[in-house]
Amino acid sequence: DAGITQSPRHKVTETGTPVTLRCHQTENHRYMYWYRQDPGHGLRLIHYSYGVKDTDKGEVSDGYSVSRSKTEDFLLTLESATSSQTSVYFCATAKEANTEAFFGQGTRLTVV
Amino acid sequence: DQQVKQNSPSLSVQEGRISILNCDYTNSMFDYFLWYKKYPAEGPTFLISISSIKDKNEDGRFTVFLNKSAKHLSLHIVPSQPGDSAVYFCAASVHGNEKLTFGTGTRLTIIP
């Protein structure tokens, strides 16, 4: 399995504050993804990256931005956190397109 | 628009019997399908996959069946074991597209 570390694992923040979640991988996988998991919605793609500085939007990208300055790191930023962004966030990596993705352990974010 | 649907939110099966989890999709361009398993407080882990050129793929106790004409896939687990109790997600992608689209998940409970 890919070594994927998400930080922090838990965070409580106030509405309107910026928040950055970090994903670090040690497997040199090209593709990296940010998903959120919510009851009744499964896993929904927020943003993904297909290389350093190459990113694209997923299905629920509003209110989120990402950056990938190094192969191993993929950052997700909530520009101004809202209560609707309370969720569990998962980072995933994949070596190639159309192959299995490997997931981190998740970050539980609560916006109060 | 939910392109990948898991219409059963939960399923209970007696230990030793067969568990059948179902998944339907609407996008006829999908040509690669995966199943993931998720325990509480952990990230999803890859279980098994199938490409559209096949209609069956088997790995130990796990078999995935694909019916392209019906846009339906299923995961069979036999015999079911208590450690199989988890949430199962199906996912799909289009060749050449880096994104995985997930279903909403089915919670499988194996009754001892």
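Just so we're on the same page: letters track the sequence lines, and every chain starts at 1. The model shown is predicted, which means the values in this text are computed figures rather than measured ones.
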Practice task
Keeping the roles fixed (side chain from A:Thr107, backbone from A:Pro8), state whether a donor-acceptor pair exists under 3.5 Å.
Solution key: yes
Atom group of [X] that falls short of 4.5 Å from chain A, counting heavy atoms:
X       : answer
B:Val4  : neither
B:Ala91 : neither
B:Leu34 : side chain

Option that, when pairs with chain B are counted at under 4.5 Å, heavy atom only, ranks first among [options]:
options                     : answer
A:Asp38, A:Thr99, A:Val88   : A:Thr99
A:Gln105, A:Glu100, A:Arg44 : A:Glu100
A:Tyr31, A:Tyr33, A:Tyr48   : A:Tyr48

Handout entry: Parallel, tilted or perpendicular, as decided by the 30° and 60° cut-offs, for the rings of B:Phe89 and B:Phe102
Key =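 It falls in the perpendicular class, over 60°.
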Problem - Whether A:Phe103 and B:Tyr36 hold their rings parallel, tilted or perpendicular, with breakpoints at 30° and 60° - result: perpendicular
Exercise for the section: Assess whether atom CZ of A:Arg108 is packed by more than 12 heavy atoms of other residues, nucleotides or ligands within 6.0 Å. Expected result: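 Count not over threshold, so no.
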Handout entry: Electrostatic pair A:Arg68-A:Asp54, nearest N-O below 4.0 angstrom
Key =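 Not counted as a salt bridge, because no side-chain N and carboxylate O are separated by less than 4.0 Å.
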Problem - Basic-acidic side-chain contact under 4.0 Å: B:Lys99, A:Asp56 - result: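 No, B:Lys99 and A:Asp56 are not salt-bridged.
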Handout entry: Toward chain B, the part of A:Gln37 with a non-hydrogen atom under 4.5 Å
Key = side chain
Fill in the blank from the handout: Applying a strict 4.5 Å limit to non-hydrogen atoms, the region of A:Leu43 in contact with chain B is both
